[in-house]
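Before any comments, here is the structure.
Labels below follow one simple rule: chain letters A, B, ... track the order of the sequence lines, proteins then strands, and each chain is numbered from 1.
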Amino acid sequence: MEYNFKEIEKKWQQYWAKNKTFVAVNPSPPEKAGVRPKFYVLDMFPYPSGAGLHVGHPLGYIASDIYARYKRLKGFNVLHPMGFDAFGLPAEQYAIQTGQHPAITTEQNISRYREQLDNLGLSFDWDREVRTSDPAYYKWTQWIFLKLFNSWYNEETGKTEPLNTLEEKFKSQKLKVKSETANKNWSDLNEKERSDVLMDYRLAYLSEAYVNWCPALGTVLANDEVKDGVSERGGYPVEKKKMKQWSMRITAFADRLLNDLEGIDWSESIKEQQRNWIGKSVGVELKFRLIPSPSPMKKGTNSVSAHEKYKYETAEKSFWPLLKLYSKENRKNLTDAEKIIWEAVRDSKLGYKIRRQHPINIFIADFVCLDKRLVIEIDGDIHDHQKEYDEERTLLLNGEGFSIIRFTNNEAINHTEEVIQKIRNELSAGASPFPSETGLGDEACIDIFTTRPDTIFGVSYMTLAPEHELVDKITTDSQRAAVQNYILETKNRSDRERMAEVKRISGVFTGAYAIHPFTGKQIPVWVGDYVLAGYGTGAVMAVPAHDSRDYAFATHFNLPKPQVIQPKTEWDFSTSSYDEKEGTCINSDFLNGLHVKDAIKKAIDEIEKRGLGTRQINYRLRDAVFGRQRYWGEPIPIYYENGIPKAVDEKDLPVILPEVDKYLPTEDGEPPLARANNWKYRPHPQTPSKEEGSSFPLETTTMPGWAGSSWYYLRYMDAHNEKEFVSKDAVQYWQDVDLYIGGSEHATGHLLYVRFWTKALYDLGLIPVIEPAKKLINQGMIQGRSNFVYRIKDTNKFVSKNLKANYDTNTSNVDVNIVEDDVLDLDKFRQWREENANAEFILEDGKYICGAEVEKMSKSKWNVVNPDDMIEKYGADCLRLYEMFLGPLELSKPWNTNGISGTSNFIRKLWRLYHQKHVGNKQLAVGNEQPIRSEDINQAPLHFSKFHVSDEAPSKKELKSLHKLIKKVTDDIERFSFNTSVSNFMICVNELTDLKCDKRAILDTLAILVSPYAPHVAEELWNLLGHSESVTYAGWPEFKEEFLAEDSFAYPISINGKTKLNLEISLALNKDEIEKEVMSSEEVKKFFHGQLPKKVIVVPGRIVNIVV
RNA sequence: GCGGGCGUGGCGAAAUUGGCAGACGCACUAGACUUAGGAUCUAGCGCCUCACGGCAUGUGGGUUCGAGUCCCUCCGCCCGCACCA
């Protein structure tokens, strides 16, 4: 008999299906003694696209299958399920084009996938198959949605809790009702108001927010579904749009999602991507007060108390204690000039109360009349050369609503009368207006977030995002036109353009100034689109010397760049900013001399002490938009009673996806579900506050693709449970996924959402684990290898690759399936396309050699290799071995069919090992077994006769070869090094072939070892060896060290680190004895060139190195 | 720009703790068996050299008796994030 993989593979696939070989058992009760330990191996389930699988897809499935089969042999109760992520856009797009129901397309695609998966001989437990589009499945997706809808995140306990614990807090007034209804008690709120308040807390919530709107797909998308400003699926442009949307409060879990990464064995790159995506930054949120603009923007409506407050409490709050001290001190030490003036104005001698050394903002004014908002300053010499200082002071005092007159010391002392007259005139001229009547009053602050409070003294301007709400309020009249123009301009530029124009710097001055909280300096406030509205507070303090973006902006607009950090090494500030968190603070008042890291701490402490701001943690992570304006997804189980969103009763789940006439939005732009007849819900009569008999409109958006995949790993544990999403017993036994294999492209999507849902379900006491998967492996991408042909322009002649330089040619892709080893099959090429029917060729060495290049595998590049074709030609075992043999699992690599003959040969060699041996055609076995000749490679003849093993005891060499293999393959599988085990199989089979091994004791074990990789041929051989049961549970062989034991070892003898010869020395000898033996060798002595060796290093069992 | 990974023959790659670099396979070369070979078998196959021998793991340096492996410098490639304050 010959090895006929087609027959044999089919036979065993049918056997496995019939005998349910791979069914995992749910022990009942789970704690039952003697039960096998569990092991859960999961593949990321596929979205069944119309294109079917290509050779890249099975890579992960084969790897996980090998591991699952290995674990079964090791005695584990292995859960290795598969299913389909069946909701999604492509089926719906297809439905829109053709009118065919997406369920039909999906069903067809699934059967094709199933067939392809079956052909690979994967050991899935199909009894547990799940499909996210199956109502029996999405019933529970909806159920989980409702759990999240009815839960909130309690920051105090750090846990998801049912909503009633929140309501308790409101009722007992432990928690104040947020925002617009701030002055009300919970008990005063009506139903709508309560619903609105709770909506701000629910984990699944409805809110008005800017979302990624994709007009071409007619739906919103989550952040991870947008790449480079276009939709991940289809590549359509995406814009920001304000819409009412369902979202998931994943941000509440940001810190746990970040911290729990520590405890799981996932690749560093995935963890890093998640950390990046979560984007935690620790810093401080800090207020900069604004200088009210001279022209009133807004008439204040201040109460009397505010007026009074403004009248007397003129000092900057945070500086008050210090200023109070200084002013007291100053009063004791008045200058002569000040004494003279004080005597003239004190006790209301001028008809107004004048105060001396009165703090205003952060300064102390020499004299002030609060009623008339007049400051009188007597300048010392210092002011002559500190003009800037005065200007700043004037601006600030003006900002506080004071007018100011200045006199010199000389004037005060020698022309006292004139000075007093001037003061009298000013006082009678009428008061300056109060700031509260002109500007923005108390709330006139810009909140900023910074991680670098140590650079606070380097602030030279501030920038607001164009969307910042203060922009309009603070802009001065003179700048208004320019600012409005700018905002309009940035609005019209989509995010994509903004991103594409990274290098373009734009912005505009608002005309407004803020006050530096420490120096009191005035700081111009700008608007710039390099500041993002969505992050932090949408405003930044700009430190051009130490932030590259601020630097670019400041350079462009010629703003100052004061340096406040001294780098450790030379730094050229004329070309770039110094952003590193290294160096010492300079020009920074109380921070001077401190190292950056200490300065950050100190600055935050100081900011908090002075009440200027608070420690703050910001995340880049946004809440995940959950609603989709699409048809082919899970309906969101919410209805609207008088505009209040309410949960559909659990008893009424699932809310079945309705039939619609078209899969398009309605004429009014409503999602497709709005087309459904009577898309209404009639609440259960016994639920409170429902009018009997009335029905209410249901939510028309559907869930996103990631909803169903965020918990599917749990459903596999108990796939047919109709009462629960998963039973307590099942999840208690299976716990979590032990090994999860899938693509790294889900790093910030699925893999984050599934962790999020797991944590929420854990908090609610529904599952016992906080992470879905202990270990994650990302298989590398298999790239395509494209082939090219070169057509001479304006002819139907094609020239071979190495001759094309002589011609003017057009290069085009050619189907790689009609090319072998880069040699084009000319006949197939002529048939491939009509226009090639008369193609002529210019050949080299009688062949047409194609060009080749590594590209992504895609239909348009004609480089897709279909696993079915490979299986047809070489068999599933061969494809499995070859995919593993290509290289390390996690590495991306190009597919190259050329090498597959290696593994194909191996399988045949393996097969022959179990059959009567001969060499070539000469030593044919006696009998009828003639070599079968065939024109067709697919039925390649194999030169063996009948199955044959002997029951003789195996030789030492045979045992050694086998046990070497046991050890290596066991190690290899444990560390997922599948490529090396294939090598090791080859080595062992080669060795046993050389030894002409036919011993049952060896071949029995070999079949088991090979079975995870090439299960069909292993089953067949196992069966031929006389076993009636499948090899699946045969038990993994035990490695025995004793069979590897050697008496002697061929020591490599190296002279000065270079190996010169090998010397067979007994392993029983110790270091000294080995040295003696080596040194006495004539062969070794040759290399000494008469000199005596300086040093001899002996590592027993490994090497001898002699230094000459 | 930031973060992660990587760099070894013509090609895919191996070297698990610092110990004979290139296992295993593809391709290639020669031979055997053959009516035939895209089957099978035997041998060869990093580079330079007739050879002795020398040089080789992206570059340059260091540690070490000994470095693909550890440390530093630079160069290149891949992936992710990208105005995140």
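The glycosidic torsion of B:G9 lies within 90° of 0, which places this base in the syn conformation.
Under 4.0 angstrom from either OP1 or OP2 of B:A85 there lies at least one side-chain N or O belonging to A:S281. Side-chain N/O atoms of A:R908 include none lying less than 4.0 angstrom from OP1 or OP2 on B:C41. Regarding contacts with the backbone of B:A14, every side-chain N or O of A:N984 stays at 4.0 angstrom or more from both OP1 and OP2. Between B:G25 and A:N990, a contact under 4.0 Å exists linking OP1 or OP2 to a side-chain N or O. The side chain of A:N979 places an N or O atom within less than 4.0 Å of a non-bridging phosphate oxygen (OP1 or OP2) of B:A14. Checking the phosphate oxygens (OP1, OP2) of B:A82, a side-chain nitrogen or oxygen of A:R620 falls inside 4.0 Å.
Using a 4.0 Å heavy-atom criterion, one finds that A:I448 contacts no nucleic acid atom at all. A:P894 comes within contact range of no nucleotide atom at all, as no heavy-atom separation falls under 4.0 Å. Nucleic acid contact class of A:S901 (heavy atoms, under 4.0 Å, all strands): sugar-phosphate only.
Here the CG atom belonging to A:L913 is positioned 15.5 Å from the CZ atom belonging to A:R908, to the nearest 0.5 angstrom.
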Protein-to-nucleotide contact annotation, 5' to 3' order, nucleotides 64-72 of chain B [B base; S sugar-phosphate only; - none; under 4.0 Å, heavy atom]: -BS------
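Taking the six-membered ring for Trp and the full ring otherwise, A:F553 and A:Y461 have centroids separated by under 6.0 Å.
Of the candidates B:U40, B:G4, B:C81, B:G4 carries the atom nearest the A:S269 side chain, counting heavy atoms from C-beta on. For A:R975, counting side-chain heavy atoms from C-beta on, the closest listed nucleotide (B:U16, B:G3, B:A85) is B:U16.
The shortest non-hydrogen separation linking A:A514 to A:F288 is CB-CB, 4.1 Å. A pairwise comparison of heavy atoms in A:V282 and A:F449 identifies C-CZ, 4.3 Å as the closest pair.
Applying the 3.5 Å distance criterion, the base of B:A14 shares no donor-acceptor pair with the side chain of A:T980.
In a base pair of the Watson-Crick type (N1 to N3 plus N6-O4 or O6-N4) or a G-U wobble (N1-O2 and O6-N3), with each distance short of 3.5 Å, B:C28 is matched with B:G44.
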